[in-house]
Amino acid sequence: MTDHWPTAITDIEPNSVRVRGYDIAELMGRISFGQAVYLIIRGELPDEATGRLMESIIVASIDHGATPPSAMAARTLASTGATLSASVGAGLMSINAHHGGAIMNCALQLGEISERATASKCSLEEAATAQLADWKNESIRMSGFGHRVHSADPRTARLFNLAREAGAFGDHCHTAMAVEAAFASLGKPLPINVDGAMGAVLADLGFEPEVMNGLFMIARTPGLIAHVREEQTRMKPMRKVMPGQHQYDGPEARGLPS
Ligand SMILES: CC(C)(COP(=O)(O)OP(=O)(O)OC[C@H]1O[C@@H](n2cnc3c(N)ncnc32)[C@H](O)[C@@H]1OP(=O)(O)O)[C@@H](O)C(=O)NCCC(=O)NCCS
């Protein structure tokens, strides 16, 4: 076995596929996609509530309309005649520190604030106020806060409620609330955006920061596929893809069937 390199993710044998040790045919139809994503990344099967929380994180970020840079990049590439994979790939490549990629940085920054509170024996809000002032002097923004469109991101409150239900509302989520309060008392109310809420919840679930932006990529991929197919089927090739000049003409607001 010495000339083989190790992998602990999936074991393939003739007529057998085992993901992290579990028979994939047994998992199919029994576990949710959220549980499967947790299992493949973390190596252990989570309980159903954690799976639901994972899935709500994925649903929260499935799309945010035609203007985000990832949708623009994917549509621009599609308009040149590029393939589905190349166009979706371009969208995924635009997920970085300032778009969809604030998740990891937010989790790390929340950790720093929480450590400061412990070290200085002060409240989370006092530590947040002091840390935000230090970062402002260094021209560092608090990742996961602020939004170009929303003053109260509708996804954040729902995600935090689901985290409470799953028993996963921990130190990072409390710190995020303290940061929001600190911004408000500094006279600069900035909402926790979906990246920030994801960073806090994923950190409280114990995800390593380096993998967090991947959750956004998983979530946004179906949205990007929809944008690319719409571009390929409804728009003329090589058009100027202008941000903000689109008009929604999909279904009217509707409720879920009861
Ligand atoms: C999302 C974002 C780009 C929206 O920015 P915007 O609404 O266009 O706001 P601006 O960039 O014009 O900034 C306006 C002011 O708010 C401040 N500000 C905005 N977001 C801030 C943040 N996250 N941390 C600290 N200050 C922030 C700016 O410094 C600026 O202050 P000034 O008026 O004293 O110069 C911005 O809030 C940001 O950079 N957030 C952090 C990255 C992030 O979370 N990205 C994911 C978005 S879903």
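Everything numeric here is computed off the predicted structure, so don't read it as measured data. Just so you know, ligand 1 is whichever comes first in the structure, and atom 1 is the first atom listed for that ligand.
- Here Glu231 pairs with Arg239 in a salt bridge; the nearest charged N to carboxylate O distance falls below 4.0 Å.
- Among the candidates Val211, Asn213, Ile57, the single residue satisfying the side chain to side chain contact (heavy atoms under 4.5 Å, CB included) test with Leu202 is Ile57.
- Under the 4.0 angstrom criterion, atom 14 (C) of ligand 1 counts as lacking any protein heavy-atom contact.
- In Val194, neither the side chain nor the backbone holds a heavy atom less than 4.0 Å from any atom of ligand 1.
- In Phe216, neither the side chain nor the backbone holds a heavy atom less than 4.0 Å from any atom of ligand 1.
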Determine, stepwise, if the pair Ile40 / Thr10 fulfils side-chain contact (heavy atoms from CB on, under 4.5 Å). CA-CA 9 Å; Ile40 198 91; Thr10 303; 4.1 Å; yes
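- Protein heavy atoms are found inside the 4.0 Å sphere centred on atom 37 (O) of ligand 1.
- Distance check: Leu39 CG to Leu45 CG gives 5.5 Å after rounding to the nearest 0.5 Å.
- The heavy-atom pair separating Asp204 from Ala168 by the smallest distance is CB-O, 3.3 Å.
- Annotation: Arg141 places an N or O atom under 3.5 Å from an N or O atom of ligand 1; distance criterion only.
- Remark: aromatic rings of His99 and His64 are distant, center separation not under 6.0 Å.
- A salt bridge is absent between Arg158 and Asp153: the closest approach of a Lys/Arg side-chain nitrogen to an acidic carboxylate oxygen does not fall below 4.0 angstrom.
- Not a single heavy atom of Trp135 sits under 4.0 Å from any atom of ligand 1.
- Residue contacts with ligand 1, taken as heavy atom pairs separated by less than 4.0 Å, involve His98 solely via the backbone atoms N, CA, C and O.
- Nearest-residue assignment for atom 8 (O) of ligand 1 (options Lys136, Met198, Arg148, Met142; heavy-atom criterion): Arg148.
- Taking 4.0 Å as the cut-off, His99 does not count as a neighbour of ligand 1 on heavy-atom distance.
- Listed by number with element, the atoms of ligand 1 under 4.0 angstrom from any heavy atom of Gly144 are 43 (C), 44 (O).
- Protein heavy atom at the shortest distance from atom 7 (O) of ligand 1 is His147 O, 3.7 Å.
- One distance of note links OG1 of Thr175 with CD of Glu180; it measures 13.0 Å at 0.5 Å rounding.
- In terms of N/O distances under 3.5 Å, ligand 1 is not approached by Ala102.
- The atoms of ligand 1 that sit less than 4.0 Å from any heavy atom of Asp195 are 46 (C).
- The single protein non-hydrogen atom nearest to atom 31 (O) of ligand 1 is Lys188 NZ, 3.2 Å, given as residue, atom name and distance.
- A distance of 11.5 Å separates CD1 of Ile225 from CG of Asp63, quoted to the nearest 0.5 Å.
- The protein atom (non-hydrogen) at minimum distance from atom 1 (C) of ligand 1 is Gly146 O, 3.8 Å.
- Contact check on Arg52 versus Glu165 returns no salt bridge, with no Lys/Arg side-chain nitrogen under 4.0 Å from an Asp/Glu carboxylate oxygen.
- Per-atom contact check: atom 40 (N) of ligand 1 touches the protein, criterion being a heavy-atom distance below 4.0 Å.
- At the top of the distance list for atom 26 (N) of ligand 1, counting protein heavy atoms only, stands Leu190 CD1, 4.0 Å.
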Quick one: do Asp195 and Arg155 satisfy salt bridge (Lys or Arg N to Asp or Glu O under 4.0 Å)? Show the steps, please. CA-CA 10 Å; Asp195 290 11; Arg155 299 161 293 184; over 6 Å; no
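- Ranking protein heavy atoms by distance to atom 47 (C) of ligand 1, first place goes to Asn193 ND2, 3.6 Å.
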